[in-house]
Amino acid sequence: MARCQGTVESLCQGLLDLDDDKFGAMCSAFGYLQEWPDLSAMCGAGLGATGVAAPGAGDGNDSSSCSGSGGADAGGFRKRRPDAYLDAKVDGNDMSKRPRGKQQLQQLCGVGEIAAPGKGKQERPKPGAKKKAEAASTAAAAGQKTDYIHVRARRGQATDSHSLAERVRRERISERMRYLQELVPGCSKVTGKAGMLDEIINYVQSLQKQVEFLSMKIAASNPVVSFDIVEDLFGRQLKQACGPAALPAAIALPAGQLEPSCLQMSPMQQVHPSAAAGSTGFGLDMVVNNMYPPAAATCPVSAATPVNGAAAAWDIVSQNLFSGFDAQFQSVESE
Amino acid sequence: MSSRRSSRGNISEDEINELISKLQALLPSSRRRGSGQASTTKLLKETCSYIKSLHREVDDLSDRLSDLMSTMDHNSPGAEIIRSILRS
């Protein structure tokens, strides 16, 4: 880094005797260069988003400013602004500066190639120099073709910095995944990203269903609640309970009280055995047993009576709904 | 480039992408924002917070429900709740 700054400074000194205005421009460009270490440190430290987003812009800028000189390197995004300064300057006094720029370029290349990990910092002053050399070469043509090789080398490094950002991004993703693994029960057993995502999706779905079910239950058991709210909740519950999407809720829960097949059972099948045989089935008595241990004996009867009486009036919708409700409720209870 | 990377495991990238979009569809915030593909990092972050908020909601609702149930227990045990459910 110190070496790079030194070269830039020497360049500034070279410019000093040429033109005051241009020197001013150069100094401001140099100011940018000095600011950049922070930026690159930030990029390295984990601003994957900026790192990823910036190269694209940098590429576009490079290719336009280099005008086919082959300098579309991904590192370009760091030097965009100074380029403007430098290019403007270079147009005026390219002949005096060109050899210097070229020399500097080669020097910098040597530094950059050796130190790949620390490259982020070394790259920064370099691009400015390279830009100058390129602009000079486009103006003076032929003899400077060797620069293009350096550009390529740098381009390789730039890809490296790109992949550095990519690596940071992937690191953050896997960190999130690990965090999610802790949040989602059973997820630690699953290996592979796909399995984990699958598990996470199922878990989120089951949680959503639980929330919906609980709010429905509250609405249903709250006497002051208006009818249409309950109906709406039941309608949504019905869609979920009847579809295959209801299965994850049962699977994700540890107790495993509920066989997935019960979701397909009709409510009458559930209620009748439970009313007859006491607390053996999954029917309402189970729910009631969980909620009211002392009242377990009386509840099946009281539950069964309205069911039987109203059964004729029920349409298929409410039957399915009922079974869905039961299943959901047991899922919640078992947790 | 990215396909090379993710094919290291024997899961195809398409499969992952499909799961990611499936997950995205579940999240309320991304559903609202439309079809714009958020970054995976952001998506996973949102998933974390969404799961946490769901946990909170479930806990809260469970508390409310058990409160409700315990008050009902005294009035008309069990039957009242069940009837109110069946009525709807």
Side-chain angles (χ1 to χ4, degrees), chain A residues 48-49 52 163 166 169-170 172-173 175-177 179-180 183-184 192-198 200-201 203-205 207-208 210-211 213-223 225 227 230-231 233-234 284 287-288 291-292 294-295 298-299 302-303 305-307 310 314 318 322 325 332 335, chain B residues 1-2 5-6 9-12 15-20 22-28 39-73 75-88:
Chain A
V52 170
S163 66
E166 179 61 25
R169 190 183 84 97
R170 265 177 287 147
R172 297 178 83 210
I173 287 176
E175 183 196 321
R176 292 270 167 226
M177 287 298 259
Y179 189 61
L180 277 169
L183 273 179
V184 179
K193 233 178 188 179
M196 267 175 68
L197 281 171
D198 227 11
I200 290 164
I201 288 168
Y203 186 61
V204 168
Q205 277 176 339
L207 278 177
Q208 282 176 337
Q210 266 188 41
V211 166
F213 171 75
L214 280 170
S215 43
M216 179 199 73
K217 186 76 172 71
I218 286 173
S221 46
N222 194 344
V225 82
F227 227 61
V230 176
E231 226 154 82
L233 284 163
F234 266 75
L284 285 169
V287 174
V288 177
M291 299 307 282
Y292 308 102
T298 59
C299 278
S302 61
T305 310
V307 168
W314 282 6
S318 60
F322 188 53
F325 169 75
V332 173
E335 180 144 78
Chain B
M1 193 196 283
S2 55
R5 228 175 264 135
S6 56
N10 39 10
I11 315 134
S12 76
E15 221 178 320
I16 295 276
N17 284 343
E18 199 187 310
L19 287 168
I20 289 283
K22 211 170 153 192
L23 183 59
Q24 193 173 16
L26 284 177
L27 301 185
S39 76
T40 311
T41 318
K42 216 186 271 173
L43 179 78
L44 293 177
K45 199 173 167 188
E46 269 168 27
T47 311
C48 282
S49 52
Y50 186 51
I51 286 178
K52 268 184 261 171
S53 78
L54 281 176
H55 276 161
R56 236 177 292 125
E57 215 172 333
V58 167
D59 287 347
D60 179 52
L61 287 173
S62 304
D63 286 350
R64 272 174 61 190
L65 187 59
S66 58
D67 283 354
L68 214 59
M69 290 298 204
S70 59
T71 54
M72 275 191 158
D73 198 7
N75 309 342
S76 50
E80 172 64 41
I81 308 148
I82 292 154
R83 237 179 279 127
S84 74
I85 292 162
L86 292 182
R87 217 181 294 131
S88 59

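Just so you know, these numbers come straight off a predicted model, no measurement behind them. Chain naming here is simple, since letters A, B, ... match the order of the sequence lines and numbering starts at 1 in each.
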Rounded at 0.5 Å granularity, tell me how far [atom1] in [X] sits from [atom2] in [Y].
X: B/I51; Y: A/Q208; atom1: CD1; atom2: CD; result: 10.0 Å
X: B/I20; Y: A/K193; atom1: CD1; atom2: NZ; result: 7.0 Å
X: A/L207; Y: B/R56; atom1: CG; atom2: CZ; result: 12.0 Å
X: A/I201; Y: B/L23; atom1: CD1; atom2: CG; result: 5.0 Å
X: B/L43; Y: A/R176; atom1: CG; atom2: CZ; result: 11.0 Å
X: B/L54; Y: A/Y203; atom1: CG; atom2: OH; result: 8.5 Å

*asked:* As a test of understanding, state which of A/L197, A/L183, A/I200 forms a side-chain contact (heavy atoms from CB on, under 4.5 Å) with B/T47.
replied: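 With B/T47 as partner, side-chain contact (heavy atoms from CB on, under 4.5 Å) holds for just one option, A/I200.
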
*Name all residues meeting the side-chain contact (heavy atoms from CB on, under 4.5 Å) criterion together with B/S49; count only those two or more places apart in sequence or in a different chain, and write none if there are none.*
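side-chain contact (heavy atoms from CB on, under 4.5 Å) list for B/S49, sorted by chain: empty.
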
*What heavy-atom pair brings B/S62 and A/L214 nearest, and what distance separates the two atoms?*
OG-CD1, 3.5 Å

_Minimum heavy-atom distance between B/L61 and A/S215, given as atom pair plus value_ = CD1-N, 3.9 Å

_B/K22: side chain to side chain donor-acceptor pair (under 3.5 Å) partners, not counting sequence neighbours_ =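 Listed in chain order: nothing, the list is empty.
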
*Can you check side chain to side chain contact (heavy atoms under 4.5 Å, CB included) on B/T40 and A/R169, steps first, answer last?*
CA-CA 9 Å; B/T40 311; A/R169 190 183 84 97; 4.1 Å; yes

